There are 2 protein chains.
Amino acid sequence: MTTAGGRPPRRLRADARDNRDQLLAAARAEFTEQGTHASLNKIAQRAGVGAGTLYRHFPTLAALLAALIGDDVDALCATGRDLMTHPDPDEALAVWLHAVAVHATAMRGLVATQMAALRDRRTAGALAACHDAIRAAGVALLDRAHHHGSAPAHVDIADLLTLVNAAAWASEQAPDDAALLARLLALITAGLRA
Amino acid sequence: MTTAGGRPPRRLRADARDNRDQLLAAARAEFTEQGTHASLNKIAQRAGVGAGTLYRHFPTLAALLAALIGDDVDALCATGRDLMTHPDPDEALAVWLHAVAVHATAMRGLVATQMAALRDRRTAGALAACHDAIRAAGVALLDRAHHHGSAPAHVDIADLLTLVNAAAWASEQAPDDAALLARLLALITAGLRA
DNA sequence: TTGTTAAGCGGAGAGGTTCTCCATATCCTA
DNA sequence: TAGGATATGGAGAACCTCTCCGCTTAACAA
């Protein structure tokens, strides 16, 4: 909750803090049901607050998302640290990439919204912190695989993560092909062992 | 223009045909400027017709897109046929995949809209024909690479194309990194030679 | 306890979108 | 040229996002 998560501002009035929590809960519920295309209006309504309140707490969709996925991101980084002691560096990397992809598909539309948000000057900050945390974890695993002799030297972790996210996005578009994500990741990791 | 393109219906009244052409031209212009998030209202306005007319000719965004990209798809298939005589099967496949990706990024948002449309029962038909045509061209090239001994046997062309489209989508999200697409495709094709 | 005040609230409203409906206008054929 | 089939357009319904600002209320000092 502390490394990458969207921290609430310095000090919040008690009622404001309650509303913020209500909003996060409502958003999580609504996103789970509708994907990130859920209406922000409806989230405010579900939380029992006015639209203005939502927009004051979370000026953009990305800010809301960042607050929501912060914990997941921290968990992902912890998993990465654990995997550093895994006996097989190749498998460690593969397992972690899979975890990244699964996280990305936690809510329908998450990947796309994140990618879009990273491009948007207004909102890049909130999500960029999450991204950086993940990249840092990934670079360690990739380095280890490289020194182990299996991964090629010229692979950029940012590119690799981008491709993994893209695969997650694609698998999200085909919800009735549950095995697609695994097949796409296999295609990708095959390249790493080349 | 004949294989996969969105053919106009059987017989069209002369004025209707004119309007249809106006709409396609306006859509192409608007999509080029704004990406596929362009407002359909504005397209109708630009074409000088009412919104109702647009929706009668193209009930959905996907139908409009299918009519627009039909020619591109045919060109892609022709390129595929040409590449069948290329001396190096590996390179032929790589070149063709690159062409597929470039086609997919011709208009911002094209890939995402297509992918989404393929999932939508109302609109799957129009674009599925395009997809099938491309897949047919790809399977020939992949087969050839496989018999040449380079591509692994278990690769599904549909998965490969999905991954290539996903890469195209990702590179579209990062418009200021012009080389990203090439790097992602390199990552993918490295896996094919594994 | 009570008064002051800044923080926070909510919802109407501006301006955008998609998509439908059907009275009207236009083409085409006999 | 007349009449029926076909196509039109734009107002309107129902959504969306995001802003503004008068009102409410928590928090703190006296």
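Letters A, B, ... mirror the listed sequences (proteins, then strands); counts begin at 1. Quick note: numbers below take in every heavy atom, side chains included, and nothing from hydrogens, waters or symmetry partners. Computed from a predicted model, the values in this text were never measured in an experiment.
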K.L.:
Rounding to an integer number of Å, can you tell me how far B/Asp18 CG sits from C/dT26 P?
P.N.:
14 Å

K.L.:
May I ask you to decide if A/Arg144's main-chain N or O and A/His148's side chain share a donor-acceptor pair within less than 3.5 Å?
P.N.:
no

K.L.:
Measure from the side chain of A/Leu12, starting at C-beta and using heavy atoms only, and say which of D/dT17, C/dC27, C/dG8 lies closest.
P.N.:
C/dG8

K.L.:
Both A/Ala51 and B/Thr53 contact DNA chain D. Taking the nearest nucleotide for each, which residue is further toward the 5' end?
P.N.:
B/Thr53

K.L.:
Under the 3.5 angstrom rule, does the side chain of B/His103 hit a backbone N or O of B/Ala99 as a donor-acceptor pair?
P.N.:
no

K.L.:
Quick one: on DNA chain C, does B/Ala38 or B/Asp15 contact a more 5' nucleotide (nearest heavy atom)?
P.N.:
B/Ala38

K.L.:
Give a yes/no on whether any side-chain N or O of A/Asn19 is located under 4.0 angstrom from OP1 or OP2 of C/dC9.
P.N.:
yes

K.L.:
With nearest nucleotides of DNA chain D determined for A/Ser39 and A/Arg56 from heavy-atom distances, which residue corresponds to the more 5′ nucleotide?
P.N.:
A/Ser39

K.L.:
Atom CD of A/Gln22 and atom P of C/dG8: how far apart are they, to the nearest Å?
P.N.:
17 Å

K.L.:
From C/dG8, D/dA27, D/dA7, pick the nucleotide closest to the side chain of A/Ala16?
P.N.:
C/dG8

K.L.:
From NE2 of A/His37 over to P of C/dT18, roughly how many Å is that when rounded to an integer?
P.N.:
13 Å

K.L.:
Without decimals, in angstroms, what is the distance between A/Leu23 CG and C/dG10 C1'?
P.N.:
12 Å

K.L.:
Is a donor on one side and an acceptor on the other found under 3.5 Å between the side chain of A/Thr36 and the backbone of A/Gly109?
P.N.:
yes

K.L.:
Taking B/Arg108 first and then B/Glu33, would you say they form a salt bridge - that is, a charged N and a carboxylate O separated by under 4.0 Å?
P.N.:
no

K.L.:
Can you tell me how far P of D/dG9 sits from NE2 of B/His57, to the nearest Å?
P.N.:
9 Å

K.L.:
Using a 4.0 Å heavy-atom cut-off across all strands, classify A/Asn41 as base, sugar-phosphate, or nothing.
P.N.:
base

K.L.:
Keeping B/Arg28 on the side-chain end and B/Leu68 on the backbone end, is there a donor-acceptor pair under 3.5 Å?
P.N.:
yes

K.L.:
Return the value, rounded to whole Å, for the distance between atom OH of B/Tyr55 and atom P of C/dT17.
P.N.:
10 Å

K.L.:
Could you tell me how far apart A/Leu54 (CG) and D/dT17 (P) are, to the nearest whole angstrom?
P.N.:
9 Å

K.L.:
How many Å lie between CG on B/Leu61 and P on C/dT17, as a whole number?
P.N.:
14 Å

K.L.:
Would you kindly check whether a donor in the side chain of A/Arg13 faces an acceptor in the base of D/dA27, or vice versa, at under 3.5 angstrom?
P.N.:
no

K.L.:
Do the side-chain N or O atoms of B/Lys42 get closer than 4.0 angstrom to the phosphate oxygens (OP1, OP2) of C/dG16?
P.N.:
no

